[in-house]
Enquirer: 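Would you mind keeping the following structure in view while I ask a few things?
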Amino acid sequence: MVTFLTTTVIMLLGYAMLLFLNFLVVLALYQKSRINQHVDFIIVLGSGLIGGTKVPPLLRQRINKAIDIYDTQKERGETAPKIILSGGQGGDEKIPEGQAMLKYAVTHGVAQTDAIAEDKSKNTYENMQFSKVIIDEMAPKTANIIFVTSNYHTFRASRLAKQVGIDIEGIGAPVSFFFLPNAIICEFIAIYAPKKELKSRWGISHLTCSNCYGLKYGNWLNGVCAKEF
């Protein structure tokens with residue numbers, strides 16, 4: 001019996017490690033995405049605000065990546081893409097993320113007419129779902145769409161986009177190295193754990209964030225993980 005249990009545990013751990021390795025390989029491949037054609041819409045996924053109103057560094061990186069694509073397309077003499085800044089209002093936020101993101105984008109060179117706030121979504125699935133509604137109202141089905149999020153989040157966000165009927169490429173914005181371990185674990189759990197265990201996953205991510213980064217900053221990271229779900 002001891003031998004059987006030991007063998008079972010080893011096999012389960014090996015399977016989990018294989019899944020995680022596969023996840024890392026796929027995630028790395030997703031970082032190879034490049035923009036090589038005209039873009040009509042860029043969806044920028046929200047990730048929470050600091051102090052209820054301020055765009056944090058992680059979210060600034062996402063918006064800045066979208067602005068880079070926006071500026072490059074304009075420099076080529078093409079029509080500028082519309083940037084959809086997607087994020088609703090959390091319980092600890094004074095304004096919707098989409099509104100704060102829009103203000104940041106406009107302040108950093110995006111024309112007011114090219115920036116659109118989507119301010120109802122509470123997670124990545126709704127980011128895609130509600131942004132699709134906006135795009136469907138504004139453009140034909142032939143519109144070329146991409147999304148921008150943090151590099152660790154591109155794989156799962158692409159899967160969720162397909163679930164709502166958008167087959168699009170994701171562009172990853174860089175993330176500080178210290179944040180990556182916890183973020184990658186959050187993503188791996190979110191993909192492979194059963195949906196009914198979401199509360200259990202949240203407990204794991206909360207423990208990891210708070211232990212690694214301290215209670216004050218860890219709590220903000222927990223909020224990021226929760227919104228990414």
Side-chain angles (χ1 to χ4, degrees), residues 27-50 53-88 95-121 124 126-158 160-162 164-176 224 227-228:
L27 188 61
L29 292 175
Y30 264 73
Q31 307 313 308
K32 303 298 182 181
S33 296
R34 296 290 184 271
I35 304 301
N36 53 19
Q37 57 183 324
H38 177 85
V39 175
D40 298 303
F41 291 92
I42 305 171
I43 302 172
V44 184
L45 306 186
S47 66
L49 304 176
I50 289 180
T53 59
K54 185 179 178 182
V55 174
L58 182 143
L59 187 50
R60 286 203 300 267
Q61 293 280 28
R62 298 183 184 187
I63 304 172
N64 289 341
K65 174 65 74 171
I67 293 174
D68 288 344
I69 299 168
Y70 174 89
D71 289 339
T72 299
Q73 189 157 301
K74 287 182 64 178
E75 289 169 1
R76 293 200 303 260
E78 302 176 15
T79 303
K82 302 294 184 184
I83 301 179
I84 299 176
L85 302 136
S86 179
I95 60 174
E97 294 167 25
Q99 296 292 342
M101 295 162 68
L102 184 148
K103 181 179 179 181
Y104 178 91
V106 170
T107 301
H108 288 77
V110 177
Q112 187 81 44
T113 53
D114 293 331
I116 304 164
E118 182 287 297
D119 56 10
K120 298 179 182 178
S121 56
T124 302
E126 292 184 356
N127 286 145
M128 298 300 186
Q129 182 182 37
F130 297 145
S131 295
K132 182 178 184 298
V133 171
I134 293 173
I135 293 170
D136 287 346
E137 291 175 351
M138 295 182 62
K141 293 183 179 180
T142 55
N144 189 30
I145 312 163
I146 63 170
F147 71 86
V148 176
T149 187
S150 300
N151 51 20
Y152 65 85
H153 190 221
T154 50
F155 173 47
R156 189 166 62 84
S158 294
L160 293 173
K162 288 181 174 64
V164 303
I166 317 177
D167 190 6
I168 56 179
E169 290 291 330
I171 303 299
V175 174
S176 298
V224 172
K227 287 173 189 269
E228 304 290 32

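These figures come from a predicted structure and were not determined experimentally.
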Enquirer: Under 3.5 Å, is there a donor-acceptor pair between the Glu126 and Ser121 side chains?
Expert: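 Side chains of Glu126 and Ser121: no pair found under 3.5 Å.
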Enquirer: As a quick check of understanding, evaluate side-chain contact (heavy atoms from CB on, under 4.5 Å) for Asn144 and His38, giving each step before the final call.
Expert: CA-CA 7 Å; Asn144 189 30; His38 177 85; 5.6 Å; no
Enquirer: How many angstroms lie between atom NZ of Lys65 and atom CG of Asn151, to the nearest 0.5 angstrom?
Expert: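 The CG atom of Asn151 is 9.5 Å from NZ of Lys65, to the nearest 0.5 Å.
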Enquirer: NZ of Lys162: more than 12 outside heavy atoms within 6.0 angstrom?
Expert: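 Result for NZ/Lys162: enclosed.
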Enquirer: State, yes or no, whether a side-chain contact exists between Val175 and Gln61 at a heavy-atom distance under 4.5 Å.
Expert: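 No; the side chains remain at least 4.5 Å from each other.
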Enquirer: Where do Val110 and Ile63 land on the side-chain contact (heavy atoms from CB on, under 4.5 Å) test, with the steps shown first?
Expert: CA-CA 10 Å; Val110 177; Ile63 304 172; over 6 Å; no
Enquirer: Is any side-chain heavy atom of Leu45 less than 4.5 Å from a side-chain heavy atom of Met128?
Expert: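 They are in side-chain contact.
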Enquirer: Closest heavy-atom contact between Ile145 and Ile168?
Expert: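 For Ile145 and Ile168, the tightest heavy-atom pair comes out as O-CG2, 3.2 Å.
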Enquirer: List the atom of Leu102, the atom of Ala115, and the distance in Å for their closest heavy-atom pair.
Expert: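 So the two residues come closest at CD1-O, 3.7 Å.
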Enquirer: For Tyr70 and Ala111, which heavy atoms make the closest approach, and how far apart are they?
Expert: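 Closest approach of Tyr70 to Ala111, heavy atoms only: OH-N, 3.3 Å.
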Enquirer: Could you please spell out the steps behind the side-chain contact (heavy atoms from CB on, under 4.5 Å) verdict for Asp114 and Lys82?
Expert: CA-CA 5 Å; Asp114 293 331; Lys82 302 294 184 184; 3.2 Å; yes
Enquirer: The test is side-chain contact (heavy atoms from CB on, under 4.5 Å); show your working for Thr149 and Asn127 and say whether it passes.
Expert: CA-CA 11 Å; Thr149 187; Asn127 286 145; over 6 Å; no
Enquirer: Are any side-chain N or O atoms of Glu169 and backbone N or O atoms of Ile171, one a donor and one an acceptor, separated by less than 3.5 Å?
Expert: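 Here the side-chain-to-backbone pair does not exist.
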Enquirer: Hey, does the side chain of Arg60 reach the backbone of Val55 with a donor-acceptor pair shorter than 3.5 angstrom?
Expert: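 Side chain of Arg60 to backbone of Val55, a donor-acceptor pair under 3.5 Å: yes, one is there.
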Enquirer: Below 4.5 Å, heavy atoms only, C-beta onward: do Ile95 and Leu49 meet side chain to side chain?
Expert: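 Side-chain contact under 4.5 Å: yes.
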Enquirer: Rounded to the nearest 0.5 Å, how far does CE of Met138 lie from CG of Asp40?
Expert: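 Between atom CG of Asp40 and atom CE of Met138 there are 10.0 Å.
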